[in-house]
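Could you have a look at this structure, given as C-alpha cells, before my questions?
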Protein chains: 2
Amino acid sequence: MDADKQLQDFFLRGDQIYMPHLSVDCVIFGFHDNHLKVLLLKWKKGGQWCLPGGFVKYAESVDDSAVRILKERTGIDNIFLQQFHTFGDPKREKGKSLKVAEKKSWIHKRFVSVGYYALVEYSKVNPQPDIMSIECRWWDINTVPTLIYDHNKMIEKALQILRLDLNDHPLGYNLLPEKFTMPELQRLYETILDEELDRRNFQKRMLGLGILERLKERKTGGAHKAPYLYRFDKKKYDKAMKQGLSGGW
Amino acid sequence: MDADKQLQDFFLRGDQIYMPHLSVDCVIFGFHDNHLKVLLLKWKKGGQWCLPGGFVKYAESVDDSAVRILKERTGIDNIFLQQFHTFGDPKREKGKSLKVAEKKSWIHKRFVSVGYYALVEYSKVNPQPDIMSIECRWWDINTVPTLIYDHNKMIEKALQILRLDLNDHPLGYNLLPEKFTMPELQRLYETILDEELDRRNFQKRMLGLGILERLKERKTGGAHKAPYLYRFDKKKYDKAMKQGLSGGW
DNA sequence: TATAATTGTGTATTGGTAACACAATGAAAT
DNA sequence: ATTTCATTGTGTTACCAATACACAATTATA
C-alpha cells in the first residue's frame with residue numbers, strides 16, 4: 001500500500017529531512033455554534049487523539065514549519081499564529097518508549113516541542129489527517145478527550161495565554177466571518193473567557209477600540225430584532241495588534 | 001593545556017552529552033547603581049560578546065538546563081527564571097558557518113535556542129566565564145555592544161516581555177537586597193520601564209499590592225531624610241506571582 | 001394584533017489612576 | 001548653633017474608565 005510505504009519511509013528516513021529531537025505542535029482554535037473548538041487528529045496506531053504537529057526541516061524556520069503544518073491540516077494560509085511556549089520536559093511524552101536503543105527510529109527519541117496557537121475561521125477549514133492519523137476533526141474545547149503525551153496541558157496553556165492576550169490585543173479577525181454582529185463577537189469573547197459579559201458595556205468597549213466598522217441591517221433568519229453587521233477595519237486592527245491596546249504602566 | 005583539551009573534547013564529543021540543534025540562552029538581569037545590567041560573556045575566539053548559554057543534556061529538561069547554566073555563570077541557585085521565547089530562524093546565527101560539511105563539529109550546525117530571562121541580585125553574583133569564553137561581566141543595558149548572532153534581539157525581546165510581565169506580576173524580590181527603601185524600589189521600576197513615575201502614586205500602588213512589610217528607619221549614610229526600609233512578605237509575594245495581580249477582563 | 005425575545009442606546013455610580021501640595025527630616029553649609 | 005536644601009512621608013482633588021442598570025425599538029411567531 002502506498003500510504004504504508006510512505007509511513008515506513010518517514011520512520012526510516014525522516015531524520016534526513018527533519019531536525020531530530022525538535023517538534024512543533026499547534027493548538028488550532030475555531031469558533032462555531034457559540035462554542036470554542038480545537039482541531040485534533042486521531043492516530044492510526046492506538047486510536048488516541050493528539051494535537052496537529054510536525055517537525056522542522058533543516059533549512060526551515062520553526063515559525064515556518066508551524067505555518068506549513070497549519071496549511072497541511074486546514075488548507076488555510078495566512079493565519080494568525082502565535083508561539084506560546086516550548087515544552088522541554090524529558091518525561092513529557094509519557095507512554096513513549098524512550099530507550100536509547102539505536103535500532104529505534106529517530107521518531108521514538110525524545111522531542112522538545114514548540115507550541116503555537118492559531119485562530120482560524122471555522123468554516124474555512126478543511127480538516128486533513130496527516131500521515132500518522134486517520135481522522136482530523138474539530139472538538140469542543142469542553143469535551144476534548146485525554147490526549148497523548150502532554151497535549152492536554154498544551155491546550156490548557158494555550159488557552160490561558162490566549163486569555164491574557166485578550167487584555168491588550170484585539171481578537172476576532174481570524175475567528176469570525178468577514179461580517180458579523182455585535183452579539184456574535186460578544187459570544188466569542190464570552191466563550192473564550194468562559195464568563196458572561198454585559199451587553200452594553202461590551203459594545204462600548206469594542207467600539208471604543210476604534211477597529212470596527214458598522215454596516216447595514218441583516219438576517220431575516222433571526223427570530224428577533226435584526227442586529228447590525230460589523231466588519232473589522234483591517235488597518236486599524238493590525239495596528240492595534242502590533243502596538244497592543246494600552247497596558248498598565 | 002587542560003582547558004584546551006577540555007574544549008577540544010567538547011567540540012568532538014559534546015554531542016554524546018547534549019541534544020543536537022538545541023540550545024538555551026539566558027538574559028540575566030541585575031540591578032546596580034540605579035542601572036539595569038545584563039550578564040555577558042566574551043568569547044575566546046574572536047573576542048565578541050554573547051549571552052550566557054548552553055545545551056540540553058539528553059535526560060535533562062530544558063528548564064533544568066537553564067537553571068544549570070545560570071548556576072554555572074553566577075553561582076546562584078533558586079532564581080526566578082522565565083522562559084520567554086524560542087528563536088528558530090535558520091539564519092539567526094549570522095556569521096556562523098552552516099555548511100552541511102560532515103567534518104564540522106556538531107556545534108557548528110544550526111541551533112534553535114530557547115530563551116530564558118532571569119532576575120538576580122547583583123551583589124550575590126559571582127560571574128564565571130564558561131569553557132568557550134575568557135570573561136564574564138555585567139554590562140549596563142544601555143551600553144551593550146553588538147553581540148553575536150541574534151543575541152541583541154534576544155535581550156530586546158526579554159526586556160519587552162519583562163515590561164509586560166510588570167503589569168500583572170510583582171517584581172523586586174530577586175533584584176533587590178532583602179531590605180530596601182521605597183525610592184530604591186521605584187528606581188528599579190523606572191529603570192526597567194525607562195520612564196519616570198510619580199513618587200506618591202507609586203508608593204500607594206506598591207503598598208496597595210499588600211506584599212510589602214515596613215521596618216524601621218535607615219541609612220545614616222544618606223544625605224537627606226532617612227527613608228523607611230521595606231521587606232517583601234515572601235508568602236504574599238509568591239501568591240501574587242502565581243495568581244497574577246489582576247488583569248483586564 | 002399581541003407576544004416574547006432580542007437589539008440599540010443612554011445614564012448614574014463607582015473605583016482606581018493621575019495630578020498635585022505641604023509638612024517633616026537630616027546632613028551639609030554657614 | 002542655625003540655616004539651607006534636597007529628599008522623604010502623607011493626603012486631597014480631579015479625572016477617566018469600567019460597572020451597574022433601564023427603557024425604547026424591532027421582528028418573527030403565536
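To find a chain, count down the sequence lines: A is the first, B the second, and so on, and within it residues start at 1.
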Side chains of A/D63 and A/Y116: do they bring a donor and an acceptor to under 3.5 Å?
-> yes
For residues 152-165 of chain B, pull every pair meeting side chain to side chain donor-acceptor pair (under 3.5 Å), keeping only residues two or more places apart or in separate chains.
-> B/Y117-B/D165
Which residue, A/L229 or B/H224, contacts DNA chain C at a nucleotide closer to its 5' end, judged by nearest heavy atom?
-> A/L229
Ignoring hydrogens and angles, are the base of C/dA18 and the side chain of B/R200 linked by a donor-acceptor pair under 3.5 Å?
-> no
Gap between atoms CD and P, on B/Q186 and D/dT7 respectively (whole Å) | 12 Å
Considering only heavy atoms and no angle criterion, is a donor-acceptor pair shorter than 3.5 Å present between the side chain of B/K204 and the base of D/dT12?
-> yes
Would you say the side chain of B/R205 and the base of C/dG16 hold a donor-acceptor pair, judged only by whether the two atoms sit under 3.5 Å apart?
-> no
A/K234 to A/Y173, cation-pi by 6.0 Å centre distance and 45° axis angle | yes
Round to the nearest Å and state the distance from A/L209 atom CG to D/dA18 atom C1'.
-> 13 Å
Between A/N201 (CG) and D/dC16 (P), how many Å, whole number?
-> 19 Å
Under 4.0 Å between a side-chain N or O of B/R214 and OP1 or OP2 of D/dT10?
-> yes
Protein-nucleotide distance (A/Y189, atom OH; D/dA18, atom P), rounded to Å = 13 Å
Nearest-Å distance for atom pair CG/P, residues A/L197 and D/dA17 | 19 Å
Between D/dT19, C/dC20, C/dT9, which nucleotide gets closest to the side-chain atoms of B/D198?
-> C/dC20
What about A/K225, does its side chain sit under 3.5 Å from the base of C/dT6 through a donor-acceptor pair?
-> no
Run the ring-centre check on A/F87 versus A/F111 and record whether the distance is less than 6.0 Å.
-> no
Nucleotide C/dT6, atom P - distance to CZ of A/F202 in whole Å | 17 Å
Can you list, pair by pair, the side-chain donor-acceptor contacts under 3.5 Å of residues 73-86 of chain B, counting residues two or more places apart and other chains?
unit_1 : atom_1 : unit_2 : atom_2 : d
B/R73  : NH1    : B/Q128 : O      : 2.9
B/T74  : OG1    : B/L70  : O      : 2.6
B/T74  : OG1    : B/I76  : N      : 3.0
B/D77  : OD2    : B/K71  : NZ     : 3.4
B/T86  : OG1    : A/T86  : OG1    : 2.4

Measure the distance from OH on B/Y228 to P on C/dA24 and round it to the nearest whole Å.
-> 13 Å
Calculate the interatomic distance between A/Q203 atom CD and C/dG10 atom P; express it in whole Å.
-> 10 Å
